[in-house]
Amino acid sequence: MARVFPMPLRSCKLLLHGSHVSSMRRPFAILCRQINMEVESVVARLNACGLLRSQGLIGGKWAEAYDGKTIKVHNPASGEIITEVPCMGARETNDAIVSAYDAFSSWSKLTAVDRSKCLRKWYDLMIAHKNELGQLITLEQGKPLKEALGEVAYGAGFIEFFAEEAKRVYGDIIPATLSDRRLFVLKQPVGVVGAIAPWNFPLAMITRKAGPALASGCTVVIKPSEFTPLTALAAAELSLQAGIPPGVVNVIMGNAPEIGDALLNSTKVRKITFTGSTAVGKKLMAGAAGTVKKVSLELGGNAPCIIFDDADLDVAVRGTLAAKFRNSGQTCVCANRVIVQEGVYEKFAVAFANAVQKLQVGDGFSEGVTQGPLINEAALLKVESFVQDAISKGAKVVLGGKRHSLGKTFYEPTIVTNVRSEMLISREEVFGPVAPLIPFKTEAEAIFIANDTNAGLAAYIFTSNIQRSWRVSEALEYGIVGVNEGLVSTEVAPFGGFKQSGLGREGSKYGMDEYLEMKYVCMGDMNN
Ligand code: SIN
């Protein structure tokens with residue numbers, strides 16, 4: 001029988017042995033006995049500060065699905081049901097779009113300073129509630145608590161950064177070609193933004209979109225992943241507490257194709273921003289053509305991590321470990337192929353295996369755990385099938401290579417050698433804790449292997465040669481390059497890919513442009 005978590009007092013229902021009853025009257029203590037004490041206290045704390053929200057947000061009001069349908073949110077570490085959220089569709093999305101559209105006229109007319117103050121307050125509240133947000137991330141996404149707290153700092157950082165950037169949306173004066181003309185360029189918000197976010201960073205992928213959108217004067221309809229809606233809802237609750245007016249931030253979730261179509265088909269929505277798979281990104285890009293919307297896409301990667309003979313091995317092992325095993329391998333910038341020069345291949349393989357062996361797999365709430373579960377069974381099956389495909393084509397598993405003894409969604413940190421280019425693990429994003437090692441002889445060969453993919457998001461190189469680091473960085477067809485560094489994501493730098501890894505950039509001063517229209521104004525008859 002699925003265990004039950006207490007629902008927030010403000011929510012309408014809770015799932016108890018499969019039936020809905022009012023949470024208002026349900027004594028908290030009775031429910032607490034049914035769940036593990038650690039998770040119990042997390043849920044109680046979240047409830048106490050009103051952050052365990054389980055309804056959508058439309059026009060500043062918490063809302064159920066109009067037909068009453070719900071979807072269950074699970075803890076990926078245990079499979080337990082945390083709560084239910086509304087399974088919304090086209091009607092709720094259209095109402096959220098109308099709310100965002102109505103709110104746009106006043107929000108976009110606020111001074112940049114006033115919008116900045118609201119965002120700053122939102123950031124301050126996120127930091128004040130960093131522990132609760134971190135716990136919520138671990139609860140619904142599974143990553144270790146320490147990593148989840150890191151995500152809160154990273155995610156809140158986008159709000160802080162764009163609160164500051166709001167005040168720096170400058171236009172231009174253009175020297176005119178005729179003496180009676182004055183030419184200038186204004187930057188204006190694009191309008192209502194549909195923001196579709198993934199489950200691997202339940203907070204940061206939302207703030208990376210909402211931060212610049214709100215800073216520039218846009219309003220948003222956010223669709224978090226159905227796997228991890230609770231962090232998005234908590235962030236939305238904090239946006240209201242920060243004084244961001246109703247309708248500026250709306251959150252809907254449920255039937256993804258219906259929500260997506262409603263966002264794409266509406267002429268009121270002027271931009272779609274999406275982080276997720278390349279396949280879905282292509283569909284959104286095609287769908288946006290119907291109403292010619294602006295589109296930003298952060299899609300899949302196939303990151304090469306190149307270790308040259310001249311690398312500092314300690315730095316290379318540390319960097320590769322971070323680039324590969326962050327979030328149990330579930331990021332678009334995770335190293336997908338570890339490409340190692342022949343002279344150092346054996347030495348690196350041994351040192352890397354020693355480091356990987358020390359990773360601790362388990363529930364993200366447990367002390368010392370560095371590797372949480374995968375998001376669900378489907379993710380685990382995909383990882384399993386990629387490893388099986390490699391083995392069937394001659395690869396050798398030197399570490400891990402199977403489900404972890406904890407069962408459920410846990411997979412052993414894995415290293416595979418004898419990997420060839422036709423294997424799925426070197427062609428596609430594994431999105432799990434599997435590191436394929438691929439040998440190479442020359443720099444040119446490494447660059448060829450690295451670029452031999454349709455993806456182009458992140459790449460990593462480890463070398464002590466300054467000229468090589470510059471040369472190879474230039475040759476790599478990637479939007480992000482880490483040199484002697486495996487963790488490169490930050491709110492102050494542009495995040496985005498070449499080729500089929502996406503369009504546009506998020507974060508940094510460049511991220512703001514994605515939410516702005518440029519307007520050229522030509523004033524004539526200026527000599528009178
Ligand atoms: C992603 O996996 O999509 C984002 C990773 C990051 O921000 O570092």
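Whatever order the structure lists them in is the order used to number ligands and atoms, beginning at 1. Because the structure is predicted, anything quoted here is derived from the model rather than measured. Only this structure's heavy atoms are used, side chains among them; waters, hydrogens and symmetry mates stay out. Throughout, numbering of the chain's residues begins at 1 and tracks the sequence.
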Cation-pi, Y515 ring and K294 (6.0 angstrom, 45 degrees): no

For C334, all residues meeting side-chain contact (heavy atoms from CB on, under 4.5 Å), sequence neighbours excluded: T331

Geometric class of the F352/F325 ring pair [parallel <30°, tilted 30-60°, perpendicular >60°]: tilted

Of all the heavy-atom pairs spanning [X] and [Y], show the shortest one and how long it is.
X	Y	result
P413	Q371	CG-CG, 4.3 Å
I306	A446	CG2-CB, 3.9 Å
G362	P373	O-CD, 4.1 Å

How far is [atom] from its nearest protein heavy atom, and which residue and atom is that?
atom	value
atom 5 (C) of ligand 1	F201 CE1, 3.6 Å
atom 2 (O) of ligand 1	C332 N, 2.7 Å
atom 8 (O) of ligand 1	S489 OG, 2.4 Å

Which of the atoms in ligand 1, numbered in the order shown and given with their element, are less than 4.0 Å from a heavy-atom of [X]?
X	result
T331	2 (O)
Y154	6 (C), 7 (O), 8 (O)
R208	4 (C), 7 (O)
T275	3 (O)
R326	6 (C), 8 (O)

Per-residue contact class, M205 against ligand 1 - non-hydrogen pairs under 4.0 Å: side chain

Q500 and T278 side chains, donor-acceptor separation under 3.5 Å: no

